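In this text, all values refer to a predicted model and were calculated from it rather than measured experimentally.
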There are 2 protein chains.
Amino acid sequence: MYERKIEENLDCGIYLASRVFGGKWKCCILDAINRGIARPVDICSYIPDASKRVIEMQLAELLFYGIIEKSSEDTYPKKSEYSLSIVGKSILPLLAQMDEWGLAHYEFVKERQKELQIS
Amino acid sequence: MYERKIEENLDCGIYLASRVFGGKWKCCILDAINRGIARPVDICSYIPDASKRVIEMQLAELLFYGIIEKSSEDTYPKKSEYSLSIVGKSILPLLAQMDEWGLAHYEFVKERQKELQIS
DNA sequence: ACAATAACCGAAAAAAGATTCGGTATAATA
DNA sequence: TATTATACCGAATCTTTTTTCGGTTATTGT
């Protein structure tokens, strides 16, 4: 986990929420786990754009915050499986709403993005 | 606006959403504007933790994406006023839900945060 | 014995994002 | 005339986050 130099203000609910599941790939990871993709290898192939390392790190963070749970710690060849905790499941409606918003405004945003390319 | 070196994949709704309103202070700015705090100076005093510059930059981005609208462009002394566009307003329920989640799990998260301090 | 696999870790480097600082413009006011 | 106020911009710097790369460990299959 990173060592912060500037203190955070977690008193704002939105800020706190984005601390917990606002990483670049955390939502995707939660989505994967929710779909039953439980093992790190499989999550990596499910999200090929994310580096293996960042998935490991964000899994560790989500575990730390109690958003996900881990089973079968020390068997070899390691076959860790992750699942959503109760708190983790409480995030799902939010993710769904975010995804819905994003898809609904896909064209709208892409349009602007394109303008950026031209200019 | 920053020039990205690595291309983004906006096909995921969640990813796209967080691109549009996922900056460190964007949600706070939207909240301020929603409360009728329309002028940059006032937004700055409303969010004293954020630097003036970042508020300017994020206002510009929100404007670029059509999330907010601007009035009275070129009068002096400048008195710009920002307001939420229709698309901007469509984000509000999401922000509310995020804030609600954050506040509901405040203790839960703070507990872990504290552990981090000790160790 | 040896390669393959899976999970995970540390450290350096790169990229993204935020902050600081100093600038511009212009009208109103002292 | 000089100062103040407001919005905004550019560039350097700093912080945070992500990526890259090369480990370790221990079991399973060859």
ask   = Between A:Asp99 and B:Gly13, is there a donor-acceptor pair closer than 3.5 Å when you use the side chain of the first and the backbone of the second?
value = yes
Residue list, side chain to side chain donor-acceptor pair (under 3.5 Å) with A:Lys52, at least two apart or on another chain = A:Glu56
request  = Examine D:dC8: is either OP1 or OP2 under 4.0 Å from a nitrogen or oxygen in the side chain of B:Lys70? Give yes or no.
outcome  = yes
query = Please give, in whole Å, the distance from D:dT19 C1' to A:Ile47 CD1?
reply = 15 Å
query = Closer to the 5' end of DNA chain D via nearest nucleotide, is it B:Leu59 or A:Ser51?
reply = B:Leu59
ask   = Nearest-Å distance, CG (B:Asp49) to C1' (C:dT19)?
value = 13 Å
request  = Respond yes when some side-chain nitrogen or oxygen of B:Gln58 is under 4.0 Å from OP1 or OP2 of C:dA18, and no when none is.
outcome  = yes
remark   = From the list B:Ile67, B:Ile68, B:Leu62, side-chain contact (heavy atoms from CB on, under 4.5 Å) partner of B:Tyr65 resolves to B:Ile67
key: Listed partners of A:Ser45 passing side-chain contact (heavy atoms from CB on, under 4.5 Å), at least two apart   = none
ask   = Can you pull the ring pair (Phe, Tyr, Trp, His ring centres under 6.0 Å) pairs that have at least one residue in residues 23-42 of chain A, sequence neighbours excluded?
value = A:Trp25-B:Tyr15
message = Please report the interatomic distance CD1(A:Ile29) to CD1(A:Ile55), rounded to the nearest 0.5 Å.
response = 5.5 Å
Could you go through nucleotides 9-11 of chain C and list every protein N or O atom that sits under 3.5 Å from one of its N or O atoms, giving the distance for each pair?
{"from": "C:dG10", "atom 1": "N7", "to": "A:Arg53", "atom 2": "NE", "distance (Å)": "3.3"}
{"from": "C:dG10", "atom 1": "N7", "to": "A:Arg53", "atom 2": "NH2", "distance (Å)": "2.7"}
{"from": "C:dG10", "atom 1": "O6", "to": "A:Arg53", "atom 2": "NE", "distance (Å)": "2.7"}

query = Quick one: is D:dC8 close enough that its OP1 or OP2 comes under 4.0 Å of any side-chain N or O from B:Ser80?
reply = yes
key: A:Gln58 side-chain N/O to A:Lys26 backbone N/O, donor-acceptor pair under 3.5 Å   = yes
remark   = Taken to the nearest whole Å, CG/A:Leu63 to C1'/C:dA7 is 13 Å
query = What pairs with A:Phe21 under ring-ring contact (aromatic ring centres under 6.0 Å, His included), at least two apart in sequence or on another chain?
reply = B:Trp101
message = What is the separation between atom CD1 on A:Ile43 and atom C1' on C:dA6, rounded to the nearest whole Å?
response = 13 Å
ask   = Are any side-chain N or O atoms of A:Ser85 and backbone N or O atoms of A:Glu69, one a donor and one an acceptor, separated by less than 3.5 Å?
value = no
key: Nucleotide nearest A:Val54 when distance is taken to its side chain, options C:dA7, D:dT19, D:dA7   = D:dT19
request  = Report yes if at least one side-chain N or O of A:Arg39 is closer than 4.0 Å to OP1 or OP2 of C:dA6; otherwise report no.
outcome  = no
task = Send over the distance from B:Ile68 CD1 to D:dA7 C1', rounded to a whole Å.
result = 13 Å
request  = Using a cut-off of strictly less than 4.0 Å between a heavy atom of the residue and any atom of DNA chain C, enumerate the qualifying residues of residues 20-29 of chain B by number.
outcome  = B:Gly23, B:Lys24, B:Trp25
note = In whole angstroms, the gap separating P of C:dC8 from CD of A:Glu61 amounts to 15 Å
ask   = In whole Å, what is the span from the NZ atom of A:Lys79 to the C1' atom of D:dT27?
value = 9 Å
remark   = When rounded to whole Å, the OH to C1' distance for the pair B:Tyr15 and D:dT17 reads 11 Å
